[in-house]
Amino acid sequence: MTPLLRAATAAAILAAAVTPALAAGECVVDDPTGTPLNVRSAPNGPILTTLRNGTRLEVIEETRVGAKRWLFVSRGGERLGWVFGAYVVCPKGGDAPDLAPSQPASRF
């Protein structure tokens with residue numbers, strides 16, 4: 001195993017150990033840019049607010065604009081708005097996460 005692969009594996013194990021499991025239907029903000037995730041009134045619309053990495057959300061609706069996936073989300077029952085789907089991680093089936101990209105091809 002190469003040192004880089006060993007480090008990546010150790011980081012993944014550590015992240016899994018310290019991150020509590022998501023509840024059914026719950027997703028989490030995972031924006032690789034390191035900036036807060038914009039919540040918009042519509043896909044590509046005006047910004048309403050922002051969310052920090054690690055914020056837990058529920059997805060209410062999903063749509064595509066071109067090749068980009070957008071999610072309408074809520075938090076604690078409060079409807080928030082639309083977020084860029086590549087920056088949100090949701091469980092698939094069991095506990096396997098839908099991974100966000102490490103570097104997006106374009107912001108929007």
**Study point:** side chain to side chain donor-acceptor pair (under 3.5 Å) partners for Ser74, two or more places apart
**Key:**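 Scan of Ser74 (side chain to side chain donor-acceptor pair (under 3.5 Å), adjacent residues dropped) gives Glu58.
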Check your understanding: To the nearest 0.5 Å, what is the distance between CZ (Arg75) and OG1 (Thr55)?
Key ->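 Going from the CZ atom of Arg75 to the OG1 atom of Thr55 covers 6.0 Å.
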Practice item. For residues Leu37 and Val88, determine if any side-chain heavy atom of one lies less than 4.5 Å from a side-chain heavy atom of the other. Key: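 Contact flag for Leu37/Val88 side chains = yes.
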Check your understanding: Of all residues at least two apart in sequence or in a different chain, which pass the salt bridge (Lys or Arg N to Asp or Glu O under 4.0 Å) check with Glu62?
Key ->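 For Glu62, the residues satisfying salt bridge (Lys or Arg N to Asp or Glu O under 4.0 Å) (neighbours in sequence not counted) are Arg69.
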Review point. Less than 4.5 Å apart, any side-chain heavy atom of Trp82 and any of Glu61?
Key: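 Contact flag for Trp82/Glu61 side chains = yes.
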Point to revise | Pro36 and its side chain to side chain contact (heavy atoms under 4.5 Å, CB included) partner, picked from Thr49, Thr50, Ile47 | key: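 Only one option passes, and that is Thr50.
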Review point. Linking I/L/V/M/F/W/Y whenever their side-chain heavy atoms sit closer than 4.5 Å, directly or via other members, would Leu48 and Tyr87 fall into one cluster?
Key: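 Different clusters.
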Point to revise | Closest heavy-atom pair and its distance - Asp31, Thr35 | key: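 Minimum heavy-atom contact is OD2-O, 3.2 Å.
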Exercise for review: Would you name the heavy atoms of Cys27 and Val59 that are closest together and state the gap between them?
Suggested key: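 Result for this residue pair: SG-CG2, 3.7 Å.
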Exercise for review: Work out which heavy atom in Arg40 is nearest to a heavy atom in Gly45; give both atom names and the distance.
Suggested key: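 Closest heavy-atom pair between Arg40 and Gly45: NH1-O, 2.6 Å.
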Exercise for review: Please round to the nearest 0.5 Å and tell me the distance separating atom CD1 of Ile60 and atom CZ of Phe72.
Suggested key: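 It is 5.5 Å, given to the nearest 0.5 Å.
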Review point. Can you check whether Asn44 reaches Lys68 side chain to side chain, under 4.5 Å on heavy atoms?
Key: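 When only atoms from C-beta onward are counted, Lys68 and Asn44 do not touch, as no gap falls below 4.5 Å.
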Review point. Got Leu80 and Leu57 here, is their nearest side-chain heavy-atom distance under 4.5 Å?
Key: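 Side-chain contact under 4.5 Å: yes.
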